[in-house]
Structures are given as structure tokens and as C-alpha cells.
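Below is one structure, written out as C-alpha cells; the observations come after it.
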There are 2 protein chains.
Amino acid sequence: MKKIDILKKLRSSKLRPTKQRVEIAKFLFEREKTFHFTVESLNKLLIKKSTSKIALATIYNTVHAFKTAGHLSEVEVRGNKTYFDTNVSNHHHFYDSENSELIDIDANDIVIQKIPKAPNGKKIKNVEVFINLKN
Amino acid sequence: MKKIDILKKLRSSKLRPTKQRVEIAKFLFEREKTFHFTVESLNKLLIKKSTSKIALATIYNTVHAFKTAGHLSEVEVRGNKTYFDTNVSNHHHFYDSENSELIDIDANDIVIQKIPKAPNGKKIKNVEVFINLKN
DNA sequence: ATCTAGTTTATAATTGTTCTAAAGTGAAAA
DNA sequence: TTTTCACTTTAGAACAATTATAAACTAGAT
Ligand SMILES: [Mn+2]
Ligand SMILES: [Mn+2]
Ligand SMILES: [Zn+2]
Ligand SMILES: [Zn+2]
């Protein structure tokens, strides 16, 4: 994803392309593979990579804004930190608890044959599969 | 589960059956259906139910001790609170985000037909399915 | 250039959880 | 039994993740 697309992405979400947002967006979205992160890990990586310091509150604000805009999704992982995911399509995960690493699984790589029907008055929004790994 | 069994459960796990542990264990395990809770919710319910106050730190200690002993499992739910489960067998969950409620799904009620193989050097520990609900 | 709503920032506040260290207690040993 | 002591409970402090606050800053419309 090129810089011009980053600007489009922000503008189309009614997010002003500020210096901070562009820098974070470039870091998150200008990559080939899915990126899974916590705000803490993202903050550390941004400190290493860039010269200008971005306030932690801004990283929280921006990540939430991107999530609300549908550019990021939240992943459920054991622990008290929140994990985010640049892959916003419907997909599944391996979870390697040794190093707290998430690995994407394409939606088509898991086929569920039998599934219970939703409780009364409820509908199924989506199905998420976690494959926990060990060594 | 009767009181005598609670005492056995504690003793067999090398946990002294103190007043507090017995009270918490009775509350958690003397019921028909699975119970999903957070430490916060458990604390509130214990305050309502019982006369003698149990320190919050004791509830944390006890819940962790029960988890370590294999009497409770931890469930992954979106959010920053940790959820526990009196069902320690391999099973799945509906998750109703409207009211943050978990509902058990028996392991046999979900059949997975196709599953990717674990990454190099890793093995599959277990597979957890979450069915997110909407209204 | 001016204006203003949106944004960033440092810092405080809040929330969930763990730590600490002093007081209390279950149960084994005397 | 009484004694003893490792285990347990407890209040409160500490810590970690996140959110709120409010003042300074800025993108972009006019
Ligand atoms: Mn989580
Ligand atoms: Mn969680
Ligand atoms: Zn992913
Ligand atoms: Zn359950």
C-alpha cells in the first residue's frame, strides 16, 4: 500500500491525515503480511523506527480510530493486553503461547461440518477458531 | 457436589480447606450447570450471598489456586477482564457480547472437517471455537 | 491570513491484577 | 491437649493497561 492510498484510507474514514496518523498508518498498512500487535508493542516499534516521538495516548487514539473505521480488528488472546490485527477479513488463528505469537489461518483452511444452532432469539454473527500450539 | 466432596477436592489438591476456600468452592462447584465468571463478578456475588466478607486478594488467590489444581479453566473473551469457567473439559462457547455472556457448547456439537497442519516444529495443543452472537 | 473543529499531548485517573508483610489458622507433632 | 509452624488471609501498596482531562496545536475551510 502506497502513501497516496494511506491518505485516501484516512480521508475516506473522515480521519485527518495528521503527521502521527500517517506515520502509524504507514507502519501498520505498508506491509505484505498481516501484522498482529498490542499498543505496547506498537509503541516500542515506533520508538525504534521513527525519530519523532508519538505520545502513547495518540497511539491508543489512533488504533481505536482505525479499528472503528474498520482498518483494524481486535483479536482475542489470553492475557490482559488487547491484541490488534491488520487483517480485517474473516479468518482464524494459530496461537503460540510460548512467545505470544498469532499466526493467521485463512478462512477456507478450516471447514466446520457441524455447528449448533444459536440460542433462542440470537443469531450467529461469526465463528472464530483458535488453534493453540505447543512445542 | 456435596460438602464432603468439596473437602476431598481441596485436600486432594493439597489445599487446606479453610473457611474462605470452602465457601468459594461451594459457591462455584455446588451447581448443576457450568458457571462462567470474572473475579469481580464472583466477588459481588459472594458479598450478596454470604455474611462473612472475603478479601478480594483471597478471591484472587483462591481462583488461581483452583485453576492451578485443574478445578477451573480460563476462557478467552474480548476485554481486559479474565474469565473463568467451572467446566474444565474440552468444550466451546457461544459468546453474546450484548451482555458479555458465555454459553457452553459440548465438544461433540462442533465437528471440524478440515484443519491446517501446525507450523514447523509445533504441535496442536487444542482447538477452541467461539461462536459470536448477535440479536 | 483567519478561524475553528478536530487532534495531540502530558498528565491524572481508573481499572484489573499482583505484591507485601503482618496477623491469623489448620493440622501435624509432641 | 497444647505447641508449633508452614500455610493462609488480609489490608493496603504497587503495578500495568487503558481511558479521561484539558490545554496547546493544526488541518483545512473560509
Ligand atoms: Mn484478551
Ligand atoms: Mn481476555
Ligand atoms: Zn489475524
Ligand atoms: Zn465454558
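Predicted model only: the values in this text are computed from it and were never measured. So that the names make sense, note that chain A is the first sequence line, chain B the second, and so on, each numbered from 1.
- The ring-ring contact (aromatic ring centres under 6.0 Å, His included) test with B:F84 singles out one residue from B:F35, B:F37, B:F66, and that residue is B:F37.
- Side-chain atoms of A:S73 come within 3.5 Å of backbone atoms of A:N87 as a donor-acceptor pair (strictly under, hydrogens ignored).
- A:I59 has its CD1 atom 17 Å from the P atom of C:dT7, to the nearest Å.
- Remark: the backbone N or O of A:I59 is not paired with any side-chain donor or acceptor of A:T62 at under 3.5 angstrom.
- Taking side-chain N and O atoms only, A:H64 has a distance below 4.0 Å to OP1 or OP2 of D:dT19.
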What are the atom names and distances for every N/O pair under 3.5 Å that joins the protein to nucleotides 19-21 of chain C?
none

Original post:
Please walk me through it: do B:S97 and A:K125 pass side-chain contact (heavy atoms from CB on, under 4.5 Å)?
Top reply: CA-CA 10 Å; B:S97 56; A:K125 193 199 307 178; 3.8 Å; yes

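- Atom C1' of nucleotide C:dT7 and atom CD of A:E23 are separated by 15 Å, given to the nearest angstrom.
- Taking atom CG of residue B:L10 and atom P of nucleotide D:dT9, one finds them 10 Å apart after rounding to whole Å.
- Applying the salt bridge (charged side-chain N to carboxylate O under 4.0 Å, His left out) definition to pairs two or more places apart or across chains, those involving residues 44-62 of chain B are B:E40-B:K44.
- In this structure, B:K14 places its NZ atom 12 Å from P of D:dT8, rounding to the nearest Å.
- Other residues, nucleotides and ligands place no more than 12 heavy atoms under 6.0 Å from the CG atom of B:N120.
- What separates CD of A:E40 from C1' of D:dT18 is a distance of 12 Å, to the nearest Å.
- Between B:Q20 and the phosphate of C:dT25, there is no side-chain N or O to OP1/OP2 separation shorter than 4.0 Å.
- Put simply, A:Y60 has no side-chain N or O that comes within less than 4.0 Å of OP1 or OP2 on D:dT19.
- Protein atom CZ of A:R21 is 11 Å distant from nucleotide atom P of C:dT9, rounded to whole Å.
- Both A:I105 and B:I110 are assigned to one and the same hydrophobic cluster, defined by single-linkage of ILVMFWY side chains at heavy-atom distances under 4.5 Å.
- Rounded to whole Å, atom P of D:dT19 lies 15 Å from atom NZ of A:K81.
- Each of B:Y60 and B:I47 belongs to its own hydrophobic cluster when Ile, Leu, Val, Met, Phe, Trp and Tyr are linked at side-chain heavy-atom distances under 4.5 angstrom.
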Pairs under 3.5 angstrom, nitrogen or oxygen only, protein versus nucleotides 25-27 of chain D, please.
{"residue": "D:dA27", "atom": "N3", "partner": "A:R16", "partner atom": "NH1", "Å": "3.3"}

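- Distances shorter than 4.0 Å separate some side-chain N or O of B:T82 from OP1 or OP2 on C:dT17.
- The interatomic distance linking B:N80 (CG) with C:dT17 (P) rounds to 8 Å, in whole Å.
- Residues A:I6 and A:L15 share a hydrophobic cluster, clusters being chains of Ile/Leu/Val/Met/Phe/Trp/Tyr side chains in contact below 4.5 Å.
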